[in-house]
Amino acid sequence: MSEINIEGLSSFSFGDTPELADELLALVLNGTKTATCGDLHYYESEGLRIPQAGDQYVITNGKGEAACVVEMIDVSIRRFDEIDEVWAVLEGEGDLSLDHWQEGHKEYFTRLGVYAPDMPLVCEYFKLIKILKKS
């Protein structure tokens, strides 16, 4: 992996709790998790730019510390009910099944107050390009 300057890169953590951030980060660091998704309406309501292929981001752990850098390979908008088995495997969570993905993400988006079966998601497929700190 080449030298990467993380200054100026946007950062985020996965999930909605420090524990979930650390759990999902560990999956990225071990190569299991290569995709994530978020609520499109959140991006729009916050005026956030939707990631694009080639964009790089610093992923932080549950303490907000920089842990790694990922680069977006592909970004698409898909409805929750259009997510398939392949995407569930790319997200790398639980037993990698579509059922697990649907249950976990329905719970997550319900906690955020935005779940709907046809909700649009920003689906981000990425690659790990630099480990900064092992959690």
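All heavy atoms count here, side chains included; hydrogens, waters and symmetry mates do not.
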request  = Decide yes or no on side chain to side chain contact (heavy atoms under 4.5 Å, CB included) for Leu25 and Ser13, but give the supporting numbers first.
outcome  = CA-CA 8 Å; Leu25 171 61; Ser13 62; over 6 Å; no
request  = List the steps, then state whether side chain to side chain contact (heavy atoms under 4.5 Å, CB included) holds for Cys37 with His105.
outcome  = CA-CA 9 Å; Cys37 65; His105 285 77; 3.8 Å; yes
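- Pairs of residues two or more places apart, or lying in two chains, that qualify as salt bridge (Lys or Arg N to Asp or Glu O under 4.0 Å) and include a residue from residues 97-126 are Asp16-Arg111.
- Val70 is listed as a side-chain neighbour of Met72, based on a closest heavy-atom distance under 4.5 Å.
- Judged as a salt bridge (Lys or Arg N to Asp or Glu O under 4.0 Å), the pairs with a partner in residues 48-68 (not counting sequence neighbours) are, in order, Arg49-Asp55, Glu65-Lys133.
- With rounding to the nearest 0.5 Å, the separation of CG in Leu40 from OG in Ser45 is 9.5 Å.
- Pairing each heavy atom of Asp22 with each of Gly62, the nearest pair is OD1-N, 2.6 Å.
- For the residue pair Gly92 and Thr32, the shortest heavy atom distance occurs at O-CG2, 3.4 Å.
- Contact detail for Cys68 and Leu128: the closest heavy-atom pair is CB-CD1, 3.6 Å.
- The ring pair (Phe, Tyr, Trp, His ring centres under 6.0 Å) analysis of residues 35-78, with sequence neighbours excluded, yields the pairs Phe12-Tyr57.
- When the side chain to side chain donor-acceptor pair (under 3.5 Å) test is applied to Glu71, the partners found at least two apart in sequence or on another chain are Gln56.
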task = Starting from the C-alpha separation in whole Å, work towards a yes-or-no answer on side chain to side chain contact (heavy atoms under 4.5 Å, CB included) for Thr36 and Phe126.
result = CA-CA 8 Å; Thr36 193; Phe126 58 82; 4.2 Å; yes
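- Inter-residue side-chain proximity for Cys123 and Val75 is flagged as unmet; no heavy-atom pair is nearer than 4.5 Å.
- Looking at residues two or more places apart in sequence or on another chain, you find no side chain to side chain donor-acceptor pair (under 3.5 Å) involving Ser10.
- Alongside Trp87, the hydrophobic cluster contains Ile73, Phe80, Ile83, Val86, Leu90, Leu98, Trp101, Tyr108, Phe109, Leu112, Val114, Tyr115, Met119, Leu121, Tyr125 (criterion: ILVMFWY side chains under 4.5 Å).
- Judged as a salt bridge (Lys or Arg N to Asp or Glu O under 4.0 Å), the pairs with a partner in residues 75-92 (not counting sequence neighbours) are, in order, Lys33-Glu91, Arg78-Asp84, Arg79-Asp81.
- The two atoms that bring Leu24 and Gly15 nearest to each other are CD1-N, 4.1 Å, heavy atoms only.
- With sequence neighbours excluded, no residue satisfies side chain to side chain donor-acceptor pair (under 3.5 Å) with Thr110.
- Other cluster members for Leu96: Val89, joined by side-chain heavy-atom distances under 4.5 Å among Ile, Leu, Val, Met, Phe, Trp and Tyr.
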inquiry  = Using the rule given for side chain to side chain contact (heavy atoms under 4.5 Å, CB included), can you reason through Val69 versus Leu9, listing the C-alpha separation, both sets of side-chain angles and the distance that settles it, and then say yes or no?
reply    = CA-CA 9 Å; Val69 178; Leu9 292 182; 4.1 Å; yes
